[in-house]
Structures are given as C-alpha cells and as structure tokens.
Amino acid sequence: MLRLVSYLASLALVAVVLVTGGGTAQADGCYTWNRTLAQGASGEDVRQLQIRLSGYPGYGAVLSLDGSFGPATRSALVRFQQAYGLSADGVAGSATYSRLYALQDDDCTPINFTYAELNNCNSDWSGGKVSASTARFNALVSMWKLQAMRHALGDQPLRVTSGFRSVACNNAVGGASDSRHLYGDGVDLGAGSHTLCRMAQQARNHGFNGILGPGYPGHGDHTHVDHRGSRFWSASSCGI
C-alpha cells in the first residue's frame, strides 16, 4: 500500500512539473508555457512570450504585444535565441523557455531589474496619466527591453535614476506636463558601466520609440528611453 501511495505521489509530481505539447520540462513561479509556439500561433501564451522578446525587435522597430505570432515575433525570437547561443530556429520550445525562466523572477520582472527600481515615487503606481495597473505593466515591458539592452552591452549594470512618476512627483521634479514617466514607460539612465551616449545608441535596437540624451535640452546628465506611440530620437551629441 505504501509503495502504491508513493508511486501515485510521484506521478502527481510529474504531472505538475512536466508540461504537455513538448513546450518545456519545468514549471516556473511567474509563468509556465505549456506548448511549443511557432509562427501562426495565437493566444495569451504568445503575448507573454512577446513581452519577454520586446527588447529584440531589431533596429528602430517595436514588437506588438498582440498575442499573434507573426513574422516580427519570429524575427525577435531568432534574435533572442542568437543572443543566448540557442538554436535560432524561430520556434519557442523547451530550450527557449528554460532560458526565459532563468531570466525572470517570480513576479515576472527580469532578474536584473525590479518594480521598486522603476518606481521611487509611491508604492501603488497611482496618480499618473494612466491606471496604476497600466503604469505597472508599462514598467514591466520597459524592464524587459532594458534586460535585452543590458545583455547586449555585456551584462554590465544599467543604473536607473528615474521611472514612474505620479503627477505630484513629476511636478516636484519639474517634469514635462506630458512626460512618459507619468505613463510608467519612461526610464532615465545615469552614467555608470556605460556612457550616456553608448546607452542612447544601443537603445535604438531594443524597442524604444523615445530616446533622449546628451545634446537634447535637459538631458545632459542622463539618457531617457520610453515607448511612446511614435519614434522621437534626439541625442545630437551622440550622433542620434
């Protein structure tokens, strides 16, 4: 009887850890994919993949987070696979998922960035130009873009000096009335492992529609990135 109980328990453990469809052989505290994804797929699992690939759209591009696995998503996946030495087949399977699991914490943030780092204004993401949940989600996407940029720059730290701001916090620092910080997707980076210009230049490859840096008024001491609706890059001292 004890052997039977032990056997059934082991089967239950396998059922929890293994995922059907050849997707992966481990569960994850944040999100677990349960099937292999390739071009033509759609659904929430595709959208979750796109969030994590948002920093790999290619020069000047932005990856849509629409849950539809099209050519742009495939190209972003290939770039991600190449960046981490995986087989670059444009198909998300166990090797891709294992790498993503290793790159994220249980709250879905990438391992090198935190929600607290992207919000030194308040604890609940309220008071901006969008709902608290939207601001928090926008910050999450920014973090995945920054994670891709960090890896491309040799996995050296990026120093965040400002992220989300409520209207009150933005007014207190003299921010623009429609600053992207109010939407949760604006991030300021200070010099550290890399110069401000090096970061502004690299950001062009990682899905940021907004890039402001040295040479743009008020940005001599930081590089600003965001994902506004259309491209606006200006860092004349950096050749941008």
Side-chain angles (χ1 to χ4, degrees), residues 50-52 54-57 60-65 107-110 112-150 152-153 157-192 194-238 240:
Q50 289 170 329
I51 291 169
R52 290 150 182 81
S54 59
Y56 292 90
V62 177
L63 183 65
S64 295
L65 310 180
D107 64 355
C108 300
T109 59
N112 296 115
F113 298 92
T114 66
Y115 281 116
E117 191 176 9
L118 269 288
N119 181 0
N120 58 11
C121 171
N122 58 37
S123 60
D124 60 7
W125 300 85
S126 65
K129 293 275 190 171
V130 292
S131 69
S133 60
T134 297
R136 194 170 189 269
F137 175 76
N138 288 344
L140 177 66
V141 176
S142 289
M143 283 186 269
W144 280 104
K145 293 181 179 184
L146 290 172
Q147 185 70 33
M149 181 172 155
R150 185 185 191 278
L153 289 171
L158 297 180
R159 186 167 65 90
V160 175
T161 60
S162 184
F164 168 76
R165 300 173 193 157
S166 68
V167 172
C169 288
N170 191 59
N171 289 343
V173 298
S177 61
D178 201 36
S179 167
R180 294 309 305 181
H181 293 279
L182 296 163
Y183 297 84
D185 63 48
V187 182
D188 292 345
L189 302 171
H194 313 286
T195 67
L196 299 179
C197 280
R198 183 71 187 93
M199 292 186 291
Q201 292 160 354
Q202 187 62 42
R204 295 174 293 182
N205 300 296
H206 299 293
F208 293 108
N209 259 342
I211 303 173
L212 305 174
Y216 186 79
H219 289 71
D221 62 351
H222 68 279
T223 289
H224 170 92
V225 294
D226 63 56
H227 38 272
R228 64 188 67 194
S230 58
R231 186 192 301 180
F232 184 76
W233 295 351
S234 184
S236 58
S237 297
C238 309
I240 298 174

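These values consider heavy atoms only, across backbone and side chains, with no hydrogens, waters or symmetry-generated copies.
For residues 115-137, there are no salt bridge (charged side-chain N to carboxylate O under 4.0 Å, His left out) pairs, not counting sequence neighbours. The stretch residues 157-181 participates, sequence neighbours left out, in these salt bridge (charged side-chain N to carboxylate O under 4.0 Å, His left out) pairs: R165-D188, R180-D185. Applying the salt bridge (charged side-chain N to carboxylate O under 4.0 Å, His left out) rule to pairs touching residues 211-227 yields D226-R228, sequence neighbours excluded. Every pair tested for salt bridge (charged side-chain N to carboxylate O under 4.0 Å, His left out) that includes a residue from residues 140-149 fails, sequence neighbours excluded, so the list is empty.
Among residues two or more places apart in sequence or in another chain, the side chain to side chain donor-acceptor pair (under 3.5 Å) test is passed with S234 by none. With sequence neighbours excluded, no residue forms a ring pair (Phe, Tyr, Trp, His ring centres under 6.0 Å) with F113. Remark: Q147 pairs with N112 by the side chain to side chain donor-acceptor pair (under 3.5 Å) rule, at least two apart or across chains. For N122, the side chain to side chain donor-acceptor pair (under 3.5 Å) partners are N119, not counting sequence neighbours. Remark: H181 pairs with H224 by the ring pair (Phe, Tyr, Trp, His ring centres under 6.0 Å) rule, at least two apart or across chains. Residues forming a side chain to side chain donor-acceptor pair (under 3.5 Å) with T134 (at least two apart in sequence, or on another chain): S131. Partners of H222 according to the ring pair (Phe, Tyr, Trp, His ring centres under 6.0 Å) rule, which considers only residues two or more places apart in sequence or in another chain, are H219. Partners of N120 under the side chain to side chain contact (heavy atoms under 4.5 Å, CB included) rule, at least two apart in sequence or in another chain, do not exist in this structure.
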Report task. Decide side chain to side chain contact (heavy atoms under 4.5 Å, CB included) for V187 and L158; before the verdict, give the C-alpha distance in whole Å, the side-chain angles of both, and the deciding distance to 0.1 Å. Result -> CA-CA 11 Å; V187 182; L158 297 180; over 6 Å; no

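Using cut-offs of 30° and 60° for the angle between ring planes, the F164 and W125 rings count as tilted.
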